[in-house]
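Quick note on labels: first sequence line is chain A, next is B, and so on, each numbered from 1. Small disclaimer: the values here were computed from a predicted structure and weren't measured.
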Amino acid sequence: MARLEPANVEIAHEIISRYPRPKSALIPLLHLAQEQDGWVSDEAMVHIAELVGCTPAEVIGTCSFYEMFKREPVGRYLVNVCTNIACQLLGAEDLLHHAERTLGVRAGTTTPDGLFTVEDVECIAACTEAPCLTVNYRYFYKVGPSDFDAIIADLRAGRRPTRCAAEPGEDGEIPAHGTLHRVRQSIPGDRRAGNADPDTAGEPAWLGAGGAS
Amino acid sequence: MSDIETPVTVRITVDGQPVDARPGELVIDAAERAGVYIPRFCYHPRMKPVGMCRMCLVEIDAGRGAALQPSCMIPVSPDMTVVTDSERTRKAQEGVLEFLLINHPLDCPVCDKGGECPLQDQTVAYGPGESRFVEEKRHYEKPIPISGLVQLDRERCILCDRCTRFAKDVAGDPLIHFQGRGSSTEVNTFPDEPFSSYFSGNTVQICPVGALTASSYRFRARPWDLEETSSTCRTCSVGCSVTVQSSRNEVLRQNGVDNDAVNWGWLCDRGRFDMESGRSDVRLTDPLVGGTTARWSDALGAAVAAIRATIEAHGPSSVALLGGARLTNEAAYAWARLAKGVIGTDDVDCQLGDGLPADLVLGLPRATIADACTPKGTIVLVGPDVKEELPVLYLRLRHAVVEDGATLVELGHGRTGLSRYAARTSYAHPGGDLVERARLVAKDLDESGPITVVFGRTSLAEDPAVLAEVAAIFLAKGARFLPALRRGNVFGALDAGLAPGLLPGRRLLDDAGPATAVWGSTPAAIGRDATAILTAAAAGEVKVLLLVGADPVADGPDRALAETALERATVIAVDTFLTESGTRADVVLPAAGPSEVDGTVTNLEGRVQRVNRKVTPPGTARPDWMIAVELADRLGVEFPQDPDALLAELGAVADGYADVASALDRNPDGVLVTGACPLPATPTARRAPAPSGSTLRLVLTDSLYDAATQTAQSPSLAPLAPGTVARLNPADASALRVEAGTVVSLASARGAVDLPVVVDDGVPAGAVAVAANQPDCQVNRLLDATWPVTDVRLEVRR
């Protein structure tokens, strides 16, 4: 719940070095903070501001624009139930109510054990599989109340939930909220092509004469 | 851009009328110059356009057919046709206003902006008249303070991006930002990090709705109850153009006016809000003699008796005058003539030992702000922290560097507000290698463009003679100088002759010119400067000390010296408040404050501008010029009897001020007074002793909010004084085993003060930086004005 840990500061410096301007690293660094804590705390935003040399107000300006950066703690599993029209017609509201009832929380809040946060969301682009939900942005299709209970039971038991429609190549693992990847991209300095200085680089061709004035 | 620089014009058509626009000019500006006002909220002529509000949509045809386009984003092009009054434009404007008003509360009757609100006015002029929106509006907690000075009402905000653009692009303090998205977008600060910009008040002025209001003005008046007059801010020597607004004889608000040569419409918060001090109920309202209220005739009589008796017994140089840098030019001239022409003393100084030698300031070739800000030019900063002392000059210099490709080189004793914009910084150890560093910097200067030196005291704890050597180095490079002295009208006072060896019109005493004829006589010998005057008073040589708006005890660099001097001499103080020095005075004469007198002032460029009276002074307080005229009268010399006549007489004795009054009528933005006195020979600075290992060298800095009377007496500003800390280089902090927050004692041979430590890598090693004149600490106890540098010993308080 705090500033970036020393190991993450190392990673942050590598991320910042990928960009010609440090402030361009804001979004990857916000992801890094969210990966560390599961959410983006004020302290983390202050730390990011120090790392990229801008004000915390600028960091929160970027952070608050994106729904997927959580500025308050969320559960280990973020359950997003779609209530948009296709899902709604096929029972999404019943599903959301079922989720609220069985988890004992209102949409938008977290179970006392810190495991589940339920949210209702707008269309998540799986209308053909309605009603659908995501857990930490992993899809579950054609979810009925009993499917929901099974997913929750699996997650509580530390099992990989039986996916209604697992994507090819996925193993069904659902890591904690905020986790970005199993293998972090790392481009050591000697392998990078180097950053062009945007102040001295020439004008892009598409901005040149004949383009928009 | 003036027409001379860009003779080529672009012919466009606005509402059927041919208009000659400037190349690159925005349609909204070209139309406005041609008399067609296009409504707008987000567009501001001193900021880059963003096209946020869509209010300025008009039909523009640039050859591909007419389309609604935001006129603040489109530069003119040849044969462009603009239609601002078509049915389509009208429908667009109605639609934009209807949308803007969806979430805007209709609380105009209780809104401070009501009556002067662009949203209100443009809704009447261009709006649909009726809304179709019947749903509940968005609600927020309101108002929330985003700083001690500014309150934010997010419900009223129309997200025009003016305040946030100002904070980021103009002030360089992006402490407010858009947050959230879509219909829940709001302007706000980071939690618990206030909008503590020195320029926050400008956002209130440019807010096109009542979303940002100033704590000092909220609910104090309705715009239609205000009377206003144009004037010039006298808080520092930049001389920003302002409009002073009052109701029922109280100044309630001061707003910036766009003066192209000076402030571009901006003000700093100190200049904007320190008018609050004018309505303080501890203003001096009646004369005091021996600490008790007296009638004016008795107080003036006592003052004159003391002066006359002293002159007769000990000669004119037993009378000395300190101050005058806060007066109008007319008053400064009247006091200069009183001291030098009537009393006959040259022991006169408008600076308190914290400025620069007068003949150096007036002898160096002067630059204007515009000269300093020439695109692609070079600015050399040798002086105080401009952001702290001359904030609007900071805005102009910052703009020159960030937007216009000027190069900033900084020489000094540590990081300042401008350092982050400097291409090169060179921090010298105080009393050390400033001159050598200046040589190195000068060697590498780009001489293809103009070089301007912003020139002032780098530290109040260091002998200014070293700066004369620095000036000579840059003078040899063909540089011009923008002197950075801080007191309001110090340049007007210098031009009026309120300095030793000087006569009005930047003339030296031995080249008296017309002053001798008008005055009858001028002092026989060059007098003493402030430090020497106070030393002489402490030694009993100066018997009568006139303090004209000066407080050498609190505001001077050497408190102990000033205290002794004021104890021994008979002190006659003229001021708006009873200052620390005033409480030690034998006669105190209450003076009118900044918005209570008519006259002119001269800024750091030498630009003369008018100040105008808006309210009457409290009680029996009189304008400073009138007090000088009265004293002269009682000493048997008749002076001109009003500011206009005094200005005319100043014009008669000072070449640059001849015809200034009529020139001001033609140029409301001010009249530059040029001319220089002969440059003095460069003195050799006293060698500072080599730093010893066990002491730190003191760097005395200034901060915008301090214990200066007008700031301390303004309820909005007084709490903003940061207090005093001892800023140490990390290397020194670890060597001395102190950390941030440790309370240490700084002791010089003169005195000691206790301060908490702040570790700051912007302070050079071996130095300790301390802000002067803060309300909680008398740092000037440490200084002896005759020392070339001040060394202090640091001890940890247990």
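- Taking both residues in full, the closest heavy atoms of I176(B) and A57(A) are given as N-CB, 4.2 Å, listed atom of the first, atom of the second, then distance.
- The number of heavy atoms from other shown groups lying within 6.0 Å of CG (D192(B)) does not exceed 12.
- Taking OG1 of T164(B) as the reference point, atom CD of E58(A) lies at 11.0 Å (rounded to 0.5 Å).
- Among all heavy-atom pairs drawn from S64(A) and G180(B), the shortest one is OG-N, 2.7 Å.
- Heavy atoms only, all atoms of each residue included: F65(A) and R181(B) are closest at O-NE, 3.1 Å.
- By the neighbour-count criterion of 12 heavy atoms within 6.0 Å, atom CD of E135(B) is densely surrounded, having more than that number from other residues, nucleotides or ligands.
- Atoms CD and CZ, from Q179(B) and R71(A) in turn, are 6.5 Å apart once rounded to the nearest 0.5 Å.
- Within 6.0 Å of NZ in K142(B) there are more than 12 heavy atoms belonging to other residues, nucleotides or ligands.
- Separation of atoms CZ (F195(B)) and OG1 (T55(A)) is listed at 10.5 Å; rounding is to 0.5 Å.
- What you find for F190(B) and I60(A) is that their closest heavy atoms are CD1-CB, 3.8 Å.
- Around the CD atom of E10(A), the shell of radius 6.0 Å holds no more than 12 heavy atoms that belong to other residues, nucleotides or ligands.
- Shown here is D404(B), whose CG atom has more than 12 heavy atoms of other residues, nucleotides or ligands within 6.0 Å.
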